[in-house]
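Residue numbers start from 1 in every chain, and the chains themselves are labelled A, B, ... in the order their sequence lines are given, proteins ahead of strands. Predicted model only: the values in this text are computed from it and were never measured.
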Amino acid sequence: MKNALTEAFREIISTLNYPETNIVVQLPKNPEHGDFATNLALQLAGKLDENPREIAQILSDKLKTDYPGLVDSTDIAGPGFINISINKNAIVSQLLSVLTLNKEYGKSNFGEGKTAQVEFVSANPTGPLTVGHGRGAILGDVISSILQWNGYKVDREYYYNNAGRQMHRLGESVKSRYLELLGEKTEFPEEGYEGEYIVEIAQNLIDKKGNSLKDLTENTAFKDAAESNIFLNIEKTLARIGLKFDTFFNENSLYDSGAITNVVDTLRQKKLIYEKEGATWFKASEVGRDQDRVIIKSSGEPTYRLPDIAYHQNKFNRGYDLMVDVLGADHMDAYPDVLAAVEQLGCDSKKVNVIIHQFVTLTEDGEPVKMSTRKANYITLDELIDEVGEDVVRYFFIMRGINTHLNFDMTLAKDESDENPVFYLQYAHARLCNILKHAEEQGHIFNEKTDLSPLNLDSEIQLIKLLLEFPNIIGKAKDNLEPQTIATYLQSLAGLFHKYYAKERVVTEDRNKTSARLILVQALQIVLNNGLSLLGIHALERM
RNA sequence: GCACCCGUGGCUCAACUGGAUAGAGCACUGGAUUUCGGUUCCAGCGGUUAUAGGUUCGAAUCCUAUCGGGUGUACCA
């Protein structure tokens, strides 16, 4: 509907030889402003240096004469807004397309034939996933779904590093706990991981292998045991919130394939590499960054930036049209260097979309909880799911803007989980299902031939207009990669429906009216169901 | 110090990306139910959008400065 108007205006502009401009048709907040409104004349007035109200007059006259079936009346308001009243039948008749498309309603073929890769979570296997990881996990998953709904073929990818200092420390920690459990004298590493899970892994090793490992000087066996155990648990946790990755990408493979040395060689050829104080530096200041960065330490080990660069090059080589990195705020400073380097390797870094989400700060009883994987004073994602359930966890993480700090009050989440907005949505859905069930029991039938003219209340038209917004919302969510857009939309849709339900009865003696209203109910159920499933939240038929 | 993010009723957040009278929920006050599920609905209370300038037909949104909060600023990942 909105698109039809946008198209109409596009036509009109080109026939009138007006300059091209971004046409925005919106649903006015104030019902007195008609069904749709546009500021088009105001925009054109600026470019043409003419009176906006006069332009508005010309545009709206043309609209009325050229599209009589679509437009009922127009009105020019304020400085030059065009308010448009649409033919009610034109709106109502769109309902049928919702039913026809059903589970496909809201999808677009915008990304048809294109591939996208979304990298997220990417936590190294040094401990359980925390609440902080959870935000990235859900964001990445929902962003992936949004892209899929817009026609992209999407790979969800988890990038990890199972070598290096952190993992060494992990091995040492397990070894120490192992010896401790066997009653041997040992000193816990200073920077070791103190979580309870380390003890469990050690106990596990004793159960399986007894004390046969106690004289090993290397910690490899401990490290490997820890890694596989932790990864198993990470996957288990992810599965609980309905998350499945297509690929786990091991950083090590970049060394094995020679990609790392390749990057250094190529950058060296471009004279963007130099040696200083025994280390190898990337001349980031040459390519717009404020300072140069070490990419190979004087010890010969690369810093994380180097494999990151190689990794992104690898993604480009795989030919993705769009890449999304979902990162925590602590990576703020790192990614511009990486992108600058990748650009130098001949890749179009504009294809990489970096989503930085701010941290989740946990408070309990008003006290902030400090989080550190190593110190083991954190809340795991598993614990959070235990407390509030997977649907609430998912919704909680995407209902707010990405770059605002998420204040998660555990006490509130436990005590008031029943008041969480996710129940509001699920209840609306359950209610819709119940009406349909009830109608079926009463023997009401409805189909594509149902006469929709009884749908003429303002509240009904309003509902239908909002329903028809759904595909635009999905498109918008794709443009700005903000899942929260969808949450906000569903919230207002459910709100409108609850209001309608409180005032109007669907199933009555009036069979014609009932049939028409049942179509509306079914369309609502479809949109809510589709929206919730896009967010990965269960649309329950009963609560 | 520098870089990035944030600042909207008592609290948690919206605002169609520059649009018309800044909206919801929680909390507080008062109401609604012989009905398709009250986990619902209606009404009231509550705002100079941190502050001061600027840009323009029009600013919570863009620019500048100031104040306050967060994150980072490694030859850690």
**Report entry** Gap in Å between the two C1' atoms, one belonging to B:G31 and one to B:U48, rounded
**Finding:** 33 Å
Requested in this report: Measure from the ring center of A:H357 to the ring center of A:F397 and say whether it is less than 6.0 Å.
Outcome: no
Report task. Using heavy atoms to find the nearest nucleotide of RNA chain B for A:E469 and A:R505 separately, return the residue whose nucleotide is more 5′. Result -> A:E469
Query raised in the report: Using a cut-off of 4.0 Å on non-hydrogen atoms, how would the nucleic acid contact of A:A37 be classed: base, sugar-phosphate, or nothing?
Result: base
Query - Side-chain-base donor-acceptor pair under 3.5 Å for A:N480 and B:U17 - result: yes
Requested in this report: Name the residue closer to the 5' end of RNA chain B, choosing between A:V506 and A:E277 according to the nucleotide with the nearest heavy atom.
Outcome: A:V506
Requested in this report: Could you tell me whether A:Q26 contacts a base, only the sugar-phosphate backbone, or nothing, with contacts defined as non-hydrogen atoms closer than 4.0 Å?
Outcome: base
Requested in this report: Please determine if a side-chain N or O atom of A:K2 lies less than 4.0 Å away from the OP1 or OP2 oxygen of B:C16.
Outcome: no
Query raised in the report: What does A:N39 touch in the nucleic acid at a heavy-atom separation under 4.0 angstrom: a base, only the sugar-phosphate, or nothing?
Result: base
Requested in this report: Name the nucleic acid region contacted by A:V24, choosing base, sugar-phosphate or nothing; use a 4.0 angstrom heavy-atom cut-off, strictly under.
Outcome: sugar-phosphate
Query raised in the report: On the ring face of A:F36, is A:K2 found with NZ or CZ under 6.0 Å from the centre and within 45° of the axis?
Result: no
Query raised in the report: Taking only Watson-Crick and G-U wobble pairs with both distances under 3.5 Å, what dot-bracket line describes RNA chain B, where [ ] shows pairs that cross earlier ones and | shows pairs with another strand?
Result: (((((((..((((.....[...)))).(((((.......))))).....(((((..]....))))))))))))....
**Report entry** Aromatic-base stack, A:F81 on B:A20, cutoff 5.5 Å, angle under 30
**Finding:** yes
Query raised in the report: When the ring planes of A:Y159 and A:Y311 are compared, do they come out parallel, tilted or perpendicular, using 30° and 60° as the limits?
Result: parallel
Query raised in the report: When you measure from the centre of the six-membered ring of A:Y501, is the NZ or CZ of A:R431 under 6.0 Å away and within 45° of the axis?
Result: yes
Query raised in the report: Parallel, tilted or perpendicular: which describes the rings of A:Y274 and A:W281, with under 30° parallel and over 60° perpendicular?
Result: parallel
Query raised in the report: Contact class for A:S298 (heavy atom, under 4.0 Å): base, sugar-phosphate, or nothing?
Result: base
Query - A:K315 with A:E119: basic N within carboxylate O range, under 4.0 Å - result: yes
